[in-house]
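Take a look at the structure below.
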Amino acid sequence: MSKTVLLATEKPFSASARNEVVAIIEQAGYKPVVLESYKGKAPLIEALASADAAIIRSDIFDAEVLGAAPNLKLVVRAGAGYDNIDVATAKAKNIAVMNTPGQNANAVAELVFGMMIYQARGKFNGKTGSEIRGKTIGLHAFGAVGRAVAAIAKGFAMPVVAFDPFVKPEAFQQAGVEAVSSVEELYRRSNFVSLHVPATAETKNSIGKKLLSLLPQGGTLINTARKEVINEAELLEQFEARKDFRYLSDIAPTDATAATIKEKYADKVYFTPVKMGAQTEEANVNAGLAAARQIVGFFERGEKQFVVNK
Ligand code: 3PG
């Protein structure tokens with residue numbers, strides 16, 4: 001019997017990216033089902049009743065959702081971070097989980113510079129701002145997005161330092177980036193720190209006063225990673241203690257914290273209206289098509305290269 005592949009995107013891909021994903025699924029002889037801009041779990045649970053595989057973005061696949069998918073064999077997160085998926089439950093149910101690493105990295109990296117320049121130029125208010133050339137950018141984690149940020153930073157003549165204990169020294173050397181030996185040193189030396197850590201049990205709440213207080217005068221934190229890695233109470237303390245601190249993010253803190261920050265420190269922060277690091281046509285196409293091809297490879301050829309819950 002033909003396989004059913006669900007494309008479930010609460011935050012949809014562009015229409016052309018979606019159509020290309022659907023075309024790959026159809027060419028493989030599978031049945032595509034598209035569920036876009038849905039609200040709440042009910043439509044997702046209903047659609048999963050007949051799905052053999054699913055392509056998702058930040059859509060929540062918790063135990064309840066996975067439990068409603070009797071035929072599901074594979075979930076592909078069209079993107080990098082898969083903290084939205086209960087991978088342990090998936091494994092227990094023999095459901096493979098994959099991501100598409102690197103496919104949307106450039107889009108996220110470009111947004112980092114967009115936000116940085118927007119803030120440095122006084123949110124385009126016409127008054128005298130500052131340049132980013134010559135300012136040190138510190139990359140907190142050096143995966144695909146960190147590397148893309150490093151490559152762009154060179155064009156801006158920004159010295160780049162990075163901290164990532166999971167990356168071999170050669171990788172920093174090849175990218176022409178100085179690896180620092182401690183996370184404290186990274187924050188101490190960076191005018192801008194760009195966060196690229198995944199949200200894990202270890203990283204959640206890990207960015208707080210201890211690190212932020214080390215930033216030099218005018219230090220700016222840029223978060224295009226996950227809001228969960230920030231200790232929000234300590235973020236507020238940092239704003240209170242350091243009038244020169246700046247925070248830019250496409251994933252605003254929880255509502256109460258965001259409201260306080262915007263009310264008290266409006267000129268020192270910028271939050272995009274929605275999470276939008278990966279919201280480019282190119283990233284939608286890259287991640288969406290990679291996900292569709294990985295599904296075909298998995299079912300037709302047993303390919304498991306990007307499985308994250310082996
Ligand atoms: C990712 O982990 O790939 C990015 O955070 C993008 O997430 P999104 O697909 O939900 O925009």
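Heavy atoms only: backbone and side chains are in, while hydrogens, waters and symmetry mates are out. Whatever order the structure lists ligands and atoms in, that order sets their numbers, starting from 1.
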re atom 10 (O) of ligand 1, the protein heavy-atom contact at minimum distance is Ser58 OG, 2.4 Å
Residue, atom and distance of the protein heavy atom nearest atom 6 (C) of ligand 1 read Ala278 CB, 3.6 Å
Residue pairs passing the salt bridge (Lys or Arg N to Asp or Glu O under 4.0 Å) test with at least one member in residues 15-38, sequence neighbours excluded, are Arg18-Glu36
Using 30° and 60° as the class boundaries, would you call the ring planes of Phe142 and Phe172 parallel, tilted or perpendicular?
parallel
For the pair Asp83 and Lys204, find out whether any cationic side-chain nitrogen is under 4.0 Å from an anionic carboxylate oxygen. no
Residue pairs passing the salt bridge (Lys or Arg N to Asp or Glu O under 4.0 Å) test with at least one member in residues 128-144, sequence neighbours excluded, are none
Under 4.0 Å between heavy atoms, the region of Asn104 that gets near ligand 1 turns out to be side chain
Atom 3 (O) of ligand 1: closest protein heavy atom, distance to 0.1 Å, is Ala80 N, 2.6 Å
message: Between Arg226 and Glu228, does any NZ, NE, NH1 or NH2 come within less than 4.0 Å of an OD or OE carboxylate oxygen?
response: no
Restricting to heavy atoms, the pick from Lys11, Lys275, Arg77 nearest atom 11 (O) of ligand 1 would be Lys11
- Message: Pairs of nitrogen or oxygen atoms closer than 3.5 Å, one from Ala225 and one from ligand 1: do any exist?
- Response: no
The answer for which part of Arg226 has a heavy atom under 4.0 Å from ligand 1 is side chain
I want to know if ligand 1 touches Gly79 in the polar sense, i.e. an N/O pair below 3.5 angstrom. no
Quiz item: Do we get Lys268 above Phe239's six-membered ring, with its NZ or CZ under 6.0 Å from the centre and within 45° of the axis?
Solution: no
